[in-house]
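Read the structure below first, then the notes.
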Amino acid sequence: MTNIKQKIREQITCAVTAAIKKAGYDAVSFTVETPRERTNGDFSANAAMALAKIAKKPPFLLADELKEHISVDERYIERVEVARPGFINFYLNNEWLYEVLLLTEKLNDSYGKSNIGEGARVMVEFVSANPTGLMHMGNARGGALGDSIARILAFSGFEVTKEFYLNDSGNQIEKFALSLEARYLQLCGIDAPFDEEWYQGDDIKDRAAEFLKLHGDKYSGMPAEKRREALVKFGLEKNINIMKKTLSDYRIDYDVWFRESALYESGEVEETLKLLQEKGYAYQKEGALWFKSSDDDEKDEVLVRANGVPTYFAADIAYHRNKFENRGYDKVIDVWGADHHGHVARMKYAMEALGINPNKLEVVLMQLVRLMRGGEAARMSKRSGKAITLDVLLDEIGIDAARFFFNMRNAGSHFDFDLELAVQQSNSNPVFYVQYAHARICSIIRLLAEDEILVPPYSGIDAALLKDDAEFNLLRKISELPDEVSAAAQTLEPSRLTRYATELATEFHSFYNACRVNVESRKLCDARLKLIDATRITLANVLKLIAVDAPEKM
RNA sequence: GCGCCUGUAGCUCAGUAGGAUAGAGCAACUGCCUUCUAAGCAGUAGGUCAGGAGUUCGAAUCUCUUCAGGCGCGCCA
C-alpha cells in the first residue's frame, strides 16, 4: 500500500457498492471524493445521485436507503450521514491520518511514487531549440516543463527517455552558414555584406571570432562552400556544447541527443516519403511533393520543395516514425510552443497515414512566455539577437526560482514574465516560502539532535497525542501527495506540484506557529518530531520532482 | 475569412473526468517575535466566474451563441 487515501476510497467504494446490491439496485458508477467543507465529512459518495436517474427516486431518499445497508464495521469509519441533495458522507476516526506517518517512514524518498505507468516506455521530447543560437525564455519554460514531466512520469512507473531533437540541417543551417561566413570575413577585414534576414546576435560574432582564433584567416581565400562547411561544423558543435552545459546547469540531462541529419544519412526521410506516396497520402504538384491533409478545409502541406529539398515537416514525420517504429515507444510526448499548434493535427494524421496509432503521440502545447520589462511587452526575437538568454536568466534569478516559477502555471496559460520584477523580487519569490519550510524543519531536527532527541520510529510514538487542528491539517495534506503526483502524471501538469508544495508549506508554517515541537512532554515532542519529519520527506519528494533544491539551512 | 487557445477578486492565477457556501498568492488594512529561523503566522476586506440561452437533482466546468484578447493558416521551422 502506497496511498492511504486511495485505500480508504476503495474501502468506501466497496461498502457502497455492496449497499447498492443489498438494497436491490443495479450497479452504478459513482465517485468517492473529499468534500471541500470538512463539516461534510472526510469522504463523500455521490452514489445516490447517480442512482436517482435509474431508480427514479429522489436522491435524498435513496441515500437514506443506502445508508441503512452500509456496514459500519470498517476500521476507519466512525459514522455515516446523509446530506442535502443526496450525498452519503463518511466521517472517519483519526487512525487513517496517523498511518500516514508510518507510510512516509516506510517509503521515505519513494513516498508519492506509484506504478500507474506499469512500465510503459515513454519518450519526452522537449526544448529541441535550434542549434543556430542561444536558448531563450521560451526554451526556459519548455525545459522546466518537459523535464518535470519526465521526472513525474518516471516516479509514476513509466520507463522514461528524455530526448533533444537537433535541427542540424535545412534552411536555418544555411542561414547560419551565411551569417557565420559574413562575420568571419568581416573579421578578416573583408567588407562582406550582412543580410537583415540573417542571425544578427552577438553569439554569431563570438563563434566567428573563435573560429578565426583557431584557424586564422586561411579560410577567407578558400571556396565559399568549403568555408561555410567548416564554419557550420565548428559553430554547430560549439553551440551544442553550450546548450548542453546550460541545460545541465538547469538540471536537465538528456538521455538522447537526436540529430535531424541522421534521418537523412540513414535514408529514413526518403523511405518515409516513399511510403507516404505508396499509401496514397502524397502527390506531385507543380514540381513539389505534397502531403494530403485529412479534410478539405485544411490546406495540403509541402513535403519536398520543387528544388528537391525536403521540408522540416518531412523530416519531422520521419523522426516520429523513427520514435515509434525503430525504437518502439509506447507513448511519445512532445512539448511544443503554442505557435506550433497548427502542426499537431497534421503530425497525428501523418502517423495515422503510416499505420501508427495517433493517440500514442501526445503534444503538450505550452503558451509562449511574454517577456515584460516593467509592464511593457518586449518582443523576443532570436534573429535580432535581443532575446534574454537562458544563461542570463539563470544567472539573475537562480535555478531554483526559474524551475519553480516556470512550473507555477498550467502549460496552456499565458505567462507574462517581468524581468525587472523577477530580479528585484528575489526575496518575495514563492520558491523561498517552500524552501524555508523545509529549512525550518531541518533546523528543528538538528537542534533536537544536539540534545540527543532523534526522530523516533513510528512504533515508538503515541500518534494519538497529535490532536491539534494544525496537526490534522498537516497530516491531511501529507496524505494527498500520492494523489497529486498521479494527477500530475495523468494531466502532464507539473504546476499541480508547485501548488501542492506551496499548500504543504502553508500547513507547516501554520503548525509551526500553533505548536512547538520542543516541549516538556517527551512523548508529545516525539510525536511532533515524527510529524515534521514526515513533512520534510514529503516536501523533499515533491521538490525533487520539479528539480528544486530542498535546503537544510537558509 | 477559417481553425486552436484564453476570459474567475485591484493584479497574477487555481478550481481535481459536472457536486455542497467559488479558492490561493501578491497588493491593502489590523494584530503577533524574552520561546525550535518573522524569508513566518492569525485576522479583515475584496466576485454578476466576460454577456446571453440551453442540458439536469446540481454548471465556473458540458452544448449553442455573442463579445474581447492571443496564436496559427509559407515550397519557414
Side-chain angles (χ1 to χ4, degrees), chain A residues 31 33-37 39-40 44 46 48-50 52-53 58-60 83-87 89 128 130 132 167 170-172 175 197 260 285-290 297-299 301-313 315-316 337-345 365 367-368 370 408-410 412-416 418 421 425-437 439-448 451 470 483-484 486-488 490-491 493 495-496 498-499 502-503 505-506 508-519 525 528-529 532 553-554:
Chain A
T31 57
E33 40 189 50
T34 308
R36 199 154 36 75
E37 293 291 322
T39 52
N40 289 324
S44 177
N46 65 351
M49 275 108 89
K53 287 164 194 159
F60 194 79
R84 242 193 305 159
F87 288 104
N89 294 335
S128 299
N130 264 332
T132 52
N167 302 118
N171 269 356
Q172 84 280 1
K175 214 193 291 182
E197 288 294 307
E260 182 184 0
K285 191 180 86 181
E286 295 163 5
L289 183 69
W290 296 73
D297 287 350
E298 219 165 298
K299 288 174 189 164
E301 198 84 356
V302 169
L303 291 165
V304 182
R305 303 177 182 93
N307 64 9
V309 180
T311 59
Y312 168 87
F313 183 46
D316 217 15
D339 55 340
H340 288 68
H341 70 76
H343 198 52
V344 177
L365 288 177
Q367 281 297 334
L368 299 187
R370 207 166 49 164
M408 282 201 310
R409 291 180 183 82
N410 292 348
S413 55
H414 295 88
F415 191 177
D416 291 344
D418 194 321
L421 203 69
Q425 206 187 25
S426 59
N427 63 339
S428 62
N429 200 311
V431 67
F432 289 108
Y433 180 80
V434 177
Q435 291 183 316
Y436 182 47
R440 259 184 161 176
I441 294 169
C442 291
S443 174
I444 297 171
I445 292 174
R446 198 167 46 237
L447 286 171
L448 285 172
D451 295 332
D483 279 356
E484 286 297 333
S486 297
Q490 272 156 354
T491 58
E493 279 290 2
S495 59
R496 293 191 70 108
T498 59
R499 279 195 293 277
T502 308
E503 288 163 11
T506 297
F508 171 74
H509 287 309
S510 293
F511 161 83
Y512 180 90
N513 279 272
C515 311
R516 276 187 66 85
V517 177
N518 188 5
V519 288
C525 176
R528 286 182 171 164
L529 188 51
I532 65 166
K553 273 184 188 169
M554 279 176 79

Check your understanding: Is there a Watson-Crick or G-U wobble partner for B:C26 with both distances under 3.5 Å, and which nucleotide is it?
Key -> B:G10
Revision key, fill the gap. Among B:G40, B:U21, B:A77, the one nearest any side-chain atom of A:Tyr436 is B:G40
Review point. How would you list, by chain and number, every residue that makes a ring-ring contact (aromatic ring centres under 6.0 Å, His included) with A:Tyr436, sequence neighbours excluded?
Key: A:His509
Practice item. Go through B:U16, B:G23, B:G72 for me and flag the one nearest to the A:Arg496 side chain. Key: B:U16
All N/O pairs under 3.5 Å across the protein-nucleotides 3-10 of chain B interface:
residue	atom	partner	partner atom	Å
B:G3	N2	A:His341	NE2	3.0

Revision key, fill the gap. Whole-Å distance, A:Lys285 NZ to B:G74 P, equals 12 Å
Revision key, fill the gap. Sorted by chain and residue number, the side-chain contact (heavy atoms from CB on, under 4.5 Å) partners of A:Asn40 (sequence neighbours excluded) come out as A:Pro35, A:Glu37, A:Asn89
Exercise for review: Kindly say if A:Arg36 contacts the phosphate of B:A20, meaning a side-chain N or O under 4.0 Å from OP1 or OP2.
Suggested key: yes
Check your understanding: How would you label the contact of A:Ala439 with the nucleic acid (heavy atoms, under 4.0 Å): base, sugar-phosphate, or nothing?
Key -> base
Check your understanding: For A:Phe313, what residues pass the side-chain contact (heavy atoms from CB on, under 4.5 Å) criterion, not counting sequence neighbours?
Key -> A:Phe291, A:Glu301, A:Leu303, A:Thr311, A:Ile317, A:His343, A:Arg346, A:Met347
Point to revise | Atom-to-atom span, OH of A:Tyr312 to P of B:G74 - whole angstrom | key: 17 Å
Review point. When all nucleic acid strands are considered with a 4.0 Å heavy-atom cut-off, which category describes A:Ala306: base, sugar-phosphate, or nothing?
Key: base
Exercise for review: Send over the distance from A:His509 NE2 to B:A42 C1', rounded to a whole Å.
Suggested key: 15 Å
Review point. What nucleic acid atoms does A:Ala52 come within less than 4.0 Å of, heavy atoms only: base, sugar-phosphate, or nothing?
Key: nothing
Practice item. Look at A:Thr506 and B:A24 and indicate whether a side-chain polar atom (N or O) is within less than 4.0 Å of OP1 or OP2. Key: no
Exercise for review: Provide the closest heavy-atom pair for A:Cys515 versus A:Arg528 in the form atom of the first, atom of the second, distance.
Suggested key: CB-CZ, 3.5 Å
Revision key, fill the gap. Shortest non-hydrogen pair, A:Thr502 vs A:Tyr433, comes out as O-CE2, 3.7 Å
Point to revise | Donor-acceptor contact below 3.5 Å, side chain A:Ser413 vs main chain A:Asn410 | key: yes
Practice item. Select base, sugar-phosphate, or nothing to describe what A:Asp451 touches, counting heavy atoms under 4.0 Å on all strands. Key: nothing
Point to revise | Who pairs with B:G47 - Watson-Crick or G-U, where each distance is under 3.5 Å | key: none
Practice item. Give a yes/no on whether any side-chain N or O of A:Asn167 is located under 4.0 angstrom from OP1 or OP2 of B:C76. Key: no
Point to revise | side-chain contact (heavy atoms from CB on, under 4.5 Å) involving A:Gln367 - partner list, sequence neighbours excluded | key: A:Arg141, A:Ala338, A:His414
Check your understanding: At under 4.0 Å, does any side-chain N or O of A:Lys299 touch on OP1 or OP2 of B:G74?
Key -> yes
Review point. Could a donor-acceptor pair under 3.5 angstrom be found where the side chain of A:Thr502 meets the base of B:A24?
Key: no
**Study point:** Any-strand Watson-Crick or G-U partner of B:C4, both distances under 3.5 Å
**Key:** B:G70
**Study point:** Interatomic distance where CG belongs to A:Asp339 and C1' belongs to B:C76 [whole Å]
**Key:** 12 Å
Quick one: which protein N/O atoms are closer than 3.5 Å to N/O atoms of nucleotides 29-36 of chain B? Pair and distance per line, please.
residue	atom	partner	partner atom	Å
B:U35	O2'	A:Arg516	NH1	2.5
B:U35	O2'	A:Arg516	NH2	3.1
B:C36	O2	A:Asn518	N	3.1
B:C36	N3	A:Val517	N	3.0
B:C36	N4	A:Tyr512	O	3.1
B:C36	N4	A:Cys515	O	2.7

Review point. Between A:Arg440 and A:Phe508, is NZ or CZ placed under 6.0 angstrom from the six-membered ring centre and within 45° of the ring axis?
Key: no
Exercise for review: Select base, sugar-phosphate, or nothing to describe what A:Tyr433 touches, counting heavy atoms under 4.0 Å on all strands.
Suggested key: sugar-phosphate
Check your understanding: Can any side-chain N or O of A:Arg305 pair as donor or acceptor with the backbone N or O of A:Pro310 at less than 3.5 Å?
Key -> yes
Review point. Considering every strand shown, what is the Watson-Crick or G-U wobble mate of B:C64 when both distances are under 3.5 Å?
Key: B:G52
Review point. With sugar-phosphate meaning primed atoms plus P, OP1 and OP2, does A:Asn40 contact a base, only sugar-phosphate, or nothing at under 4.0 Å between heavy atoms?
Key: base
Review point. How many Å lie between CE on A:Met49 and P on B:U56, as a whole number?
Key: 16 Å
